[in-house]
There are 2 protein chains.
Amino acid sequence: MSIPPSSKTPSGPSAVDPVEAFLQRRKKATINDVASLAQVSKKTVSRVINNSPSVRAETREQVNAIINRIGFKPDPQARGLAFRRSFLLGLIYDNPNAQYVVNIQAGILDCIRGSGTEIIVHPCDKNSDDFLEEIRDFVELQRLAGVILLPPIAENRQLLAMLDDLDVPYVRITAMHGAENTPPILSPQVVSRDRQGCLAAAEHLVELGHTRIGFISGPAGYASARERRQGFDEGLARHGLSLSDELITGGEYTFESGFEAARHLLALSPRPTAIFASNDEMAIGAYKAAAQLGLTIPDELSVIGYDDAPIASRITPGLTSVKAPIRDIGRTAAETLISEEKPRRNTTIFDTALIVRESTGPREPDFKP
Amino acid sequence: MSIPPSSKTPSGPSAVDPVEAFLQRRKKATINDVASLAQVSKKTVSRVINNSPSVRAETREQVNAIINRIGFKPDPQARGLAFRRSFLLGLIYDNPNAQYVVNIQAGILDCIRGSGTEIIVHPCDKNSDDFLEEIRDFVELQRLAGVILLPPIAENRQLLAMLDDLDVPYVRITAMHGAENTPPILSPQVVSRDRQGCLAAAEHLVELGHTRIGFISGPAGYASARERRQGFDEGLARHGLSLSDELITGGEYTFESGFEAARHLLALSPRPTAIFASNDEMAIGAYKAAAQLGLTIPDELSVIGYDDAPIASRITPGLTSVKAPIRDIGRTAAETLISEEKPRRNTTIFDTALIVRESTGPREPDFKP
DNA sequence: TTGTATGCGTTATCAT
DNA sequence: ATGATAACGCATACAA
């Protein structure tokens, strides 16, 4: 940085600079090199590295000067061995969509970039027999600094209990938030307010004049599915409306299930004039069903999805969808894990927003239910 | 596994089993525990762990029995420190699409699952000032067991030179293969034969009667862009056709660039009856352009993409596209890196295939060029 | 074939 | 505030 090429070390002004001599060797610097060059013990160097308060400012500067000059970076392996924990964050997930995973990764990296922490990805299969054991081995063996859990396994009680037992810090990314969170889970979580965006989606449809609305849900047991449904219900309720049972159909967050569900809904008589799908995959399935029936979106059918996946803005007509700030969520999750602060916030909540595109329009004026 | 609960160790049949005693302590086993329990030195245990041939079969079994009973797993950190390298694979990439990254990751994991190796993801920015330095620090600090490079940075000569200098094993995943690979790069690579699938795409269009075909290329300098173009040219040439210059337009592998390119092509007079886009993102851009112009796919315009991205099978009409076995490619890359075999294959090639869907059809019989 | 002493690069303990 | 010495868990050199 701003260190002059010839520093005024106690070894004398015009003598051969031992630092320069060291740099000639072109070997990776260790704490020992720093110690001997700075003429202190390794322990003192270690204290500097770890920001121990019990180091004289003068000594600290001296050591830091050497560290910068020879480009010393402590070896994470050795450090980890001594600390008994690594500097690795584990990202564990079962099977979310690709874009979601990549966005989360990007967010995590926003946070850890330059911090010396790295992220190791660990997909798993929640239906596998050794699901828990496999994760246990992974976490234990790698001595992870922290774990980030994505939905839906972030809602797996057994997994959480095991991680508690393993005594590893972890953060859950989830849509769940509220009373059904019982018994209360104390681990930090980063939450997206799915409910809110879906509420907006419902109101949007109502304002467009739709009253006969189809709802394609997410898989039973998924917190996100529950939240989205409740948000949607709430939005309708604000206008004195509600979903009729026959227009509620179960999806599995897959394209195929959305297609089938929409086919079912559109075969009803009278058919719904709008469909809310609990994610974009299924909404696109509804597009396909509409196309097969020759229904034009949005003129004859309005569609809303959830995720604001890339396809939403690429398909014609553009898909109105609810967007959560996935990348921010990932970043926050990592921050929660590696922040120095003692009292880290236990729950961070992110709002979701309705992105209105061309897939939603006014109900056909002449449509007879 | 199949070890009886009470084993017949030399310590005596009905005496207090030292192994059981150890298991009571519920502490993570170390090599020392194994050594004392098996009544050998740590070194012998170490040899067993590392499959050293110079261990008597009997001794080996004895040690392995203890290892299994107490569930000993060598600590990667300590092992890495002694080995001077970690058991981590680095996946470095700049900005491919999300599905590609996730597929590659899945393939890598197919390979390393249960091997003790883990994968750490490292996105980077090839336009950043400290692009190389940043990667150097990463690789050096983590003492990576190997590096997997994705396109387009897998084609960056400076990066390759640096990795050579760092003496870290690495594999390149690329589309490039052939004479233009000069000066020859000796590092292992896993190659997809982009050329072949694109050749098939061209022939497919020709067979449907198309002669006036638009081509949207990938970014200049990308090996994949070059290969796809050449494959397509070759396919046309087999039927005595070739791309006319005015129908070749440059894309950037982005949705927007595909949209603009297609708009340009479709504004020509006479317009092309078919468009090949060098990836699906751009092909979907062409869909949008066609929709804006009121052109029906495939009746009035045939479209082919590349990647067989999820959107290809979800959009209506389904997009005919070239598919590469991404996951297999990822797996092979990992295998190349962690295989025990000395003479590991330097280049593995995977075929690509044309997936025909509904976006391609016969040229309109009455279309006058 | 097996064991002993030592090193890998860092932190923890306990002194001074 | 600083330092000598012993961990941390495993591998290597060199003996035996």
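Order of the sequence lines sets the chain letters (A, B, ...), proteins ahead of strands, with each chain counted from 1. All heavy atoms count here, side chains included; hydrogens, waters and symmetry mates do not.
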*Let me know the distance between NZ of Lys28(A) and C1' of dG9(C), rounded to the nearest Å.*
10 Å

*Could I get the full list of side-chain hydrogen bond (donor to acceptor under 3.5 Å, both in side chains) partners for Thr117(A), not counting sequence neighbours?*
Ser115(A)

*asked:* Return the CG to CG distance between Leu150(A) and Asn95(A), rounded to the nearest 0.5 Å.
replied: 11.0 Å

*Take Ser54(B) and Leu81(B), find for each the nucleotide of DNA chain C with the closest heavy atom, and name the residue whose nucleotide sits nearer the 5' end.*
Ser54(B)

_Atom-pair distance (NZ on Lys27(B); P on dA7(D)), nearest Å_ = 13 Å

_salt bridge (Lys or Arg N to Asp or Glu O under 4.0 Å) involving Asp137(A) - partner list, sequence neighbours excluded_ = Lys73(B)

*For DNA chain C, whose closest nucleotide is more 5', that of Val55(B) or that of Arg84(B)?*
Val55(B)

*Got a sec, which residues hit ring-ring contact (aromatic ring centres under 6.0 Å, His included) with Phe138(A), two or more places apart in sequence or on another chain?*
His122(A)

*asked:* Under the rule for side chain to side chain contact (heavy atoms under 4.5 Å, CB included), what residues qualify as partners of Asp164(A), not counting sequence neighbours?
replied: Tyr170(A)

Polar-atom pairs under 3.5 Å, protein N or O versus N or O of nucleotides 10-14 of chain C: list them with distances, or write none.
| from | atom 1 | to | atom 2 | distance (Å) |
| --- | --- | --- | --- | --- |
| dT10(C) | OP1 | Asp75(A) | N | 2.9 |
| dT10(C) | OP2 | Ile31(A) | N | 2.4 |
| dT10(C) | O4 | Lys42(A) | NZ | 3.1 |
| dT11(C) | OP1 | Asn50(A) | OD1 | 3.3 |
| dT11(C) | OP1 | Asn50(A) | ND2 | 2.8 |
| dT11(C) | OP1 | Arg79(A) | NH1 | 2.8 |
| dT11(C) | OP2 | Ser46(A) | OG | 2.6 |
| dA12(C) | N7 | Lys43(A) | NZ | 3.1 |

*Any residue meeting side chain to side chain contact (heavy atoms under 4.5 Å, CB included) with Ser36(B), in chain and number order, not counting sequence neighbours*: none

*Pairs where residues 79-89 of chain B contributes a residue and the test side chain to side chain donor-acceptor pair (under 3.5 Å) is met, not counting sequence neighbours*: Asn50(B)-Arg79(B)

*Is Ser41(B) near enough to dT4(C) that one of its side-chain N or O atoms lies under 4.0 angstrom from OP1 or OP2?*
no

*Please round to 10 degrees the angle between the axis of the first five pairs and the axis of the last five pairs in the helix from dT1(C)-dA16(D) to dT16(C)-dA1(D).*
30°

_Going by ring-ring contact (aromatic ring centres under 6.0 Å, His included), name the pairs with one or both residues in residues 46-77 of chain A, residues two or more places apart or in two chains._
none

